[in-house]
Amino acid sequence: MEHQLLEAEDSYIGPAWEQALSKVTHPMSLRNRAWFKGIILAQLAGNAALPHGLGLDNASYLELKRAVNSREVENQELLWRQPFKANLRKRSEVLAEVFSLRAQERNELIDVLIEYANPKAPYALQMAIVVATACLSQAHLWRSLGLSERAELGALLKYNFPDLHAMNTNNMRWKRFFYRYLCQQGGDYVCRAPSCAECSSYSECFV
């Protein structure tokens, strides 16, 4: 089982506890573990445009870290709370405050992603919340998530939201693809389609 392949040197809790917890929660796949670990570390280092907790409520964030089970993450979390990291905590607070003003928009994005979440990918629902939260940043989505490149974002989305990924047949940039999808569903917010010609509401703006 994938869960049993976790790197021993990076395991934060012992195998006995891990085995016991796996009986009450679905184990995280190695791929999602790697992505979540990278996103958490990027946020704690100030390399992701996400608030502390990645947009999850506190209990869900703690549970996610338990599933990721990384000593490196826990050490970075301790560092993040030190006085010399105050600028990063302030940045996180500002992001959370700004993003809260667009809660409805974020919820619509979450709904879209959850609708297409892979039922065979544990923690795809949590990934939907994290991705939707990162969409609120002005930067490229892969940068906002702290990923290494756009291709990594494509792989993440294909694994967690395969049917939605397959709908992007023209390789549109992902954030723009999501917003165009919302436009086509009649979303009541400022359109972010990559061009007016691709927006389903073109006639409403120009006729």
Side-chain angles (χ1 to χ4, degrees), residues 6 10-13 17-18 21 24-115 117-118 121-148 152-153 156-157 159-161 174-175 178:
L6 295 173
D10 193 37
S11 182
Y12 184 62
I13 60 176
W17 271 104
E18 193 173 302
L21 289 169
V24 295
T25 59
H26 295 291
M28 182 180 287
S29 68
L30 285 179
R31 278 182 285 186
N32 262 351
R33 179 178 183 269
W35 282 318
F36 276 121
K37 177 182 173 182
I39 294 170
I40 293 172
L41 289 174
Q43 190 281 320
L44 293 173
N47 295 325
L50 286 164
H52 185 252
L54 314 181
L56 299 166
D57 62 72
N58 188 56
S60 297
Y61 180 60
L62 293 176
E63 200 282 325
L64 180 70
K65 288 200 300 176
R66 183 206 60 74
V68 170
N69 187 25
S70 168
R71 187 176 299 279
E72 183 180 2
V73 166
E74 296 305 324
N75 288 339
Q76 191 66 29
E77 187 85 42
L78 291 174
L79 277 177
W80 190 81
R81 298 182 184 283
Q82 298 302 309
F84 65 93
K85 295 288 187 180
N87 60 328
L88 292 182
R89 293 195 297 276
K90 182 62 178 180
R91 177 177 182 268
S92 172
E93 292 173 4
V94 171
L95 283 173
E97 185 175 344
V98 171
F99 289 177
S100 70
L101 301 176
R102 296 163 64 189
Q104 180 180 347
E105 180 181 328
R106 189 184 79 129
N107 290 340
E108 290 183 23
L109 289 166
I110 291 172
D111 288 344
V112 170
L113 290 164
I114 286 180
E115 180 181 356
N118 183 357
Y123 293 86
L125 301 184
Q126 289 87 338
M127 189 65 82
I129 295 173
V130 175
V131 171
T133 302
C135 280
L136 302 183
S137 165
Q138 297 300 313
H140 292 298
L141 181 54
W142 63 271
R143 288 184 184 277
S144 298
L145 288 166
L147 302 177
S148 60
E152 187 178 9
L153 171 62
L156 180 155
L157 295 173
Y159 178 72
N160 286 284
F161 316 101
W174 283 107
K175 187 157 56 175
F178 295 150

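Just so you know, residue 1 is the first one in the sequence shown, and it goes up from there.
- Partners of R91 under the salt bridge (charged side-chain N to carboxylate O under 4.0 Å, His left out) rule, at least two apart in sequence or in another chain, do not exist in this structure.
- With sequence neighbours left out, V94 forms a side chain to side chain contact (heavy atoms under 4.5 Å, CB included) with K90, V98.
- Residues S70 and R33 have side chains in contact (heavy-atom distance under 4.5 Å, counting atoms from C-beta outward).
- Atom CG of N75 sits about 16.0 Å away from atom CH2 of W80, to the nearest 0.5 Å.
- Counting heavy atoms from C-beta on, the side chains of L156 and W174 never come closer than 4.5 Å.
- Distance check: N47 CG to L145 CG gives 12.5 Å after rounding to the nearest 0.5 Å.
- Once rounded to the nearest 0.5 Å, the distance linking CE of M127 with CZ of F36 reads 3.5 Å.
- Nearest heavy atoms, S144 versus S137: OG-OG, 3.1 Å.
- Counting heavy atoms from C-beta on, the side chains of T133 and L54 never come closer than 4.5 Å.
- Applying the salt bridge (charged side-chain N to carboxylate O under 4.0 Å, His left out) rule to pairs touching residues 76-88 yields K65-E77, E77-R81, sequence neighbours excluded.
- Side chains of V130 and L50 form a contact here, defined as non-hydrogen atoms less than 4.5 Å apart.
- Without hydrogens or angle criteria, N118 side chain to Y159 main chain gives a donor-acceptor distance under 3.5 Å.
- The side chain to side chain contact (heavy atoms under 4.5 Å, CB included) check on S60 picks up L56, D57, with sequence neighbours excluded.
- For Y123 against A67, the heavy-atom pair with the smallest separation is OH-CB, 3.3 Å.
- Between W142 and H140, the two ring planes are parallel [angle under 30°; tilted spans 30° to 60°].
- The CD atom of E63 lies 7.5 Å from the CE atom of M28; values are rounded to the nearest 0.5 Å.
- Closest non-hydrogen pair, C135 versus F178, comes out as SG-CD1, 3.8 Å.
- Summarising the geometry, atom CG belonging to N87 is positioned 11.5 Å from atom OG belonging to S92; distances are rounded to the nearest 0.5 Å.
- The shortest non-hydrogen separation linking E97 to S100 is O-OG, 2.6 Å.
- Distance check: L64 CG to N69 CG gives 11.5 Å after rounding to the nearest 0.5 Å.
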Run the side-chain contact (heavy atoms from CB on, under 4.5 Å) check on Q76 and V73 step by step: do they pass?
CA-CA 5 Å; Q76 191 66 29; V73 166; 5.7 Å; no
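- Here A132 pairs with R106, L109, I110, L113 under the side chain to side chain contact (heavy atoms under 4.5 Å, CB included) rule; sequence neighbours left out.
- Between L88 and H52 the shortest side-chain heavy-atom distance does not fall below 4.5 Å.
- For the residue pair G146 and A42, the shortest heavy atom distance occurs at CA-CB, 3.7 Å.
- Listed here is the closest heavy atom pair of A128 and I114: CB-CG1, 3.8 Å.
- With sequence neighbours left out, the side chain to side chain contact (heavy atoms under 4.5 Å, CB included) criterion links E115 to Y181.
- At distances below 3.5 Å, not a single donor-acceptor pair connects side-chain atoms of N160 with backbone N or O atoms of A121.
- Around atom CD of Q82, more than 12 heavy atoms belonging to other residues, nucleotides or ligands sit under 6.0 Å away.
- Side-chain contact check for Y61 versus I40: some heavy-atom pair is nearer than 4.5 Å.
- In terms of modelled atom types and a separation under 3.5 Å, the side chain of K175 and the main chain of A139 share a donor-acceptor contact.
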